[in-house]
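Heads up, the thing below is written out as structure tokens.
Every heavy atom of this structure was used, including side-chain atoms; hydrogens, water molecules and symmetry mates were not. To find a chain, count down the sequence lines: A is the first, B the second, and so on, and within it residues start at 1.
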Amino acid sequence: MSIRVYNTLTRRKEEFEPREPGKVAMYVCGPTVYNHIHIGNGRTFLTFDVIRRYLVWRGFDVRFVQNITDVDDKIINRAKEEGIPAADVARTYTHAFRKAMDDFAIERPTVQPKATEMIEPMIAMVERLVENGHAYVVDGDVYFSVRSFPEYGKLSGRDIDDLLSGARVDVDTRKQDPLDFALWKAAKPGEPHWPSPWGEGRPGWHLECSVMSEAELGVPFDIHGGGSDLVFPHHENEIAQSEAATGKPFARYWLHGGMLQINAEKMSKSLGNFMLLRDVLAQYPTPVVRLLMLQTHYRSPLDFSPDRLDEAVSSHERILNIVRNLHWARTAEVSGEGATDESRVALAGALEEARAKFVAEMDDDFNTAGAIGAVFEIGRAANAFLSEHQSDLAEVDRELLVNAENLVIELLGVLGIEIAEATRDNSDLPPDVIGLAEQLAGYTGTDSAEAVKALLAARSVARTEKNWAAADAVRDGLMLIGIAIEDTPQGPRVNYRPRG
RNA sequence: GGCGACGUGGCCAAGUGGCAAGGCAGGGGCCUGCAAAGCCCUUAUCCCCGGUUCGAAUCCGGGCGUCGCCUCCA
């Protein structure tokens with residue numbers, strides 16, 4: 001079994017073989033910290049978080065590097081607008097970025113360098129490029145000469161001359177070629193600046209990724225990731241400057257995530273049609289948003305909308321119920337003769353098949369949509385088993401149910417979809433139940449859990465007496481404060497959901 | 001204009017040569033005092049036209065449509 005990945009560089013799926021067996025060195029372009037990140041950024045970071053988690057789950061030792069671009073034109077512009085130092089803008093949104101990543105259950109990078117911490121090695125790379133004739137200096141600016149690198153365009157499948165025929169290339173008479181890009185920019189008054197052999201200035205955007213990845217991972221490293229809109233010019237330029245500087249290949253596998261769209265249009269800060277990740281997460285739980293995004297392959301465009309979020313809430317609910325049902329059944333008293341051998345074999349077989357399918361799907365270029373399908377298939381098998389045998393389980397059945405529950409949790413965990421709430425012990429019941437219990441069950445104490453028990457007892461009595469009005473008053477009353485009662489063969493099950 | 005991707009049931013979506021996953025929504029049935037949860041059943045000429053093949057959603061050619069990159073962008 002091997003992992004296959006789609007490599008933008010070769011335009012096909014290839015078997016993934018890291019440079020060093022058992023270890024993976026990966027780099028993912030991080031944000032420019034001039035604003036809160038939007039859900040399109042979030043999707044890309046989610047993609048690579050899942051790829052990383054999966055590689056770790058498959059036994060690889062993964063070193064994951066992601067930069068933070070904290071010096072850049074956009075940050076400078078933002079600082080000017082607000083009349084504050086650029087460093088303050090960068091600091092504010094660096095913190096916001098890290099918080100958003102934590103909230104979105106994205107694991108922290110192994111290393112997360114900031115551009116401003118890497119100025120020295122960036123200058124060193126520019127010096128290398130000037131020395132070996134791939135870069136030239138004009139009035140304190142340093143440009144990379146694309147004509148000096150014959151392979152320029154190999155990642156994006158472009159030809160320099162085709163690019164030139166497009167009308168949208170800046171004409172800058174100081175450049176030898178319109179496609180030449182800045183490695184180092186002379187500082188204008190009021191801008192952040194560092195001393196360099198070419199005068200005070202700051203690094204060009206593409207440079208930091210080349211320098212950091214080489215410093216933290218060495219070249220060539222295994223996986224370079226980012227959004228597909230970075231293929232050109234950003235990643236093309238990284239390749240050019242890195243390979244020209246080191247004489248070695250830069251990255252072995254280039255993985256690019258598809259764009260997130262709103263109404264079938266790319267969402268981007270420049271189009272203004274963006275939703276901030278933190279705003280979405282304020283309204284929808286992280287597992288719901290992750291589930292929604294992962295139900296589409298990472299390279300495909302993904303149309304995002306409130307309707308789809310609401311659908312994902314329902315899908316997520318089904319997943320929670322799968323685990324909730326298993327958890328309830330396997331923690332209940334077992335005393336029956338148990339399920340039939342046929343049913344046990346069917347469920348055990350379904351678990352094996354689902355695990356195999358999950359691995360096969362993820363091995364195939366991280367097909368999370370197919371992998372999630374495998375998880376749902378466990379649910380159908382498990383629910384079918386329970387619908388037939390829940391009222392007559394034996395000890396061996398319990399083990400099977402534990403296996404099923406653990407498998408669902410494990411596989412979803414690989415996708416970073418946390419479902420702890422499905423097995424929560426309802427210990428944090430709201431105090432409102434006490435008043436309800438007093439009113440409907442004559443409860444006089446002050447303990448929420450006892451109050452619920454009193455209410456369930458009262459309902460049980462009412463049901464025995466066929467006093468449906470009284471029984472439903474309990475259920476409806478609890479529902480109003482977020483506590484759902486579901487009757488099962490093992491008695492009523494209580495499910496409290498604080499978020500409503 | 002150049003380069004590239006995509007078009008699968010009402011909606012979303014996996015599937016790159018061999019009986020069309022999965023989710024959401026809808027309909028019917030079962031279970032339930034009624035519910036909830038769940039189970040079972042149910043909906044596809046895979047954009048169109050040609051071609052290759054014993055066999056095509058899948059490969060090739062053409063068409064139509066949508067999107068992305070070519071400028072800062074995840």
Check whether the ring centres of Y6(A) and Y253(A) lie less than 6.0 Å apart, and answer yes or no.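 Here the rings of Y253(A) and Y6(A) have centres that are no less than 6.0 Å from each other.
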Would you please indicate yes or no on a ring centroid separation below 6.0 angstrom for F45(A) and F97(A)?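 Ring centres of F45(A) and F97(A) closer than 6.0 Å.
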Nearest to the side chain of [X], which nucleotide is it out of [options]?
| X | options | result |
| --- | --- | --- |
| H297(A) | A14(B), C34(B), A74(B) | A14(B) |
| S314(A) | C24(B), C69(B), G38(B) | C24(B) |
| R308(A) | C12(B), A74(B), C34(B) | C12(B) |
| H38(A) | A74(B), C69(B), A37(B) | A74(B) |
| A384(A) | A74(B), A35(B), C39(B) | C39(B) |
| S300(A) | G33(B), A14(B), C69(B) | A14(B) |
| S315(A) | U16(B), G23(B), A35(B) | G23(B) |
| E265(A) | G68(B), G23(B), A74(B) | G68(B) |

Between the protein and nucleotides 20-22 of chain B, which nitrogen or oxygen pairs are less than 3.5 angstrom apart?
residue, atom, partner, partner atom, Å
A21(B), O2', K357(A), NZ, 3.2
A21(B), O2', E377(A), OE2, 2.4
G22(B), OP1, R380(A), NH2, 3.4

Note: [X]-[Y] ion pair, threshold 4.0 Å (strictly below):
| X | Y | result |
| --- | --- | --- |
| D103(A) | K99(A) | yes |
| E236(A) | K154(A) | no |
| K357(A) | E352(A) | no |
| D49(A) | R290(A) | yes |
| D472(A) | R475(A) | yes |
| D73(A) | R202(A) | yes |
| R174(A) | D141(A) | yes |
| E486(A) | R493(A) | yes |

Regarding [X], tell me which of base, sugar-phosphate or nothing describes its non-hydrogen contacts under 4.0 Å with the strands shown.
| X | result |
| --- | --- |
| G257(A) | nothing |
| L260(A) | base |
| D472(A) | base |
| D487(A) | base |
| I485(A) | base |
| T296(A) | sugar-phosphate |
| R459(A) | base |
| Q261(A) | sugar-phosphate |

Nearest nucleotide by nearest heavy atom, which residue falls closer to the 5' end of RNA chain B, Y34(A) or N321(A)?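 Going by which nucleotide is closer to the 5' end, it is N321(A).
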Pick the closest RNA chain B nucleotide for P31(A) and for A471(A) by heavy atoms, then say which residue is nearer the 5' end.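 Of the two residues, A471(A) wins.
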Could you work out the separation of [N] and [M] based on their [atom1] atoms and round it to a whole Å?
| N | M | atom1 | answer |
| --- | --- | --- | --- |
| C60(B) | U53(B) | P | 16 Å |
| G68(B) | G62(B) | C1' | 23 Å |
| U32(B) | A13(B) | C1' | 34 Å |
| G7(B) | C47(B) | P | 8 Å |
| G17(B) | G51(B) | C1' | 15 Å |
| C48(B) | C70(B) | C1' | 30 Å |
| U66(B) | C12(B) | P | 16 Å |
| G15(B) | C46(B) | C1' | 11 Å |

For the base of G33(B) and the side-chain ring of W468(A), does the geometry meet a stacking cutoff of under 5.5 Å between centres and under 30° between planes?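 Yes; centroid distance and tilt both under limits.
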Is the cationic atom of R52(A) (NZ for Lys, CZ for Arg) positioned less than 6.0 Å from the six-membered ring centroid of F64(A) and within 45 degrees of its normal?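 Positive - R52(A) is close enough to the ring of F64(A) and near enough to its axis.
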cation_pi(R158(A), F232(A)) dist<6.0 Å, angle<=45: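 So R158(A) does make the cation-pi contact.
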Integer-rounded Å distance: G68(B) P and L230(A) CG: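 It works out to 16 Å between those atoms.
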Under the 3.5 Å rule, do the base of A37(B) and the side chain of R324(A) count as making a donor-acceptor pair?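 Between A37(B) and R324(A), which were checked side chain against base, a qualifying N/O pair under 3.5 Å is absent.
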Each nucleotide N or O in nucleotides 26-29 of chain B that has a protein N or O under 3.5 Å away: list the pair and distance.
none

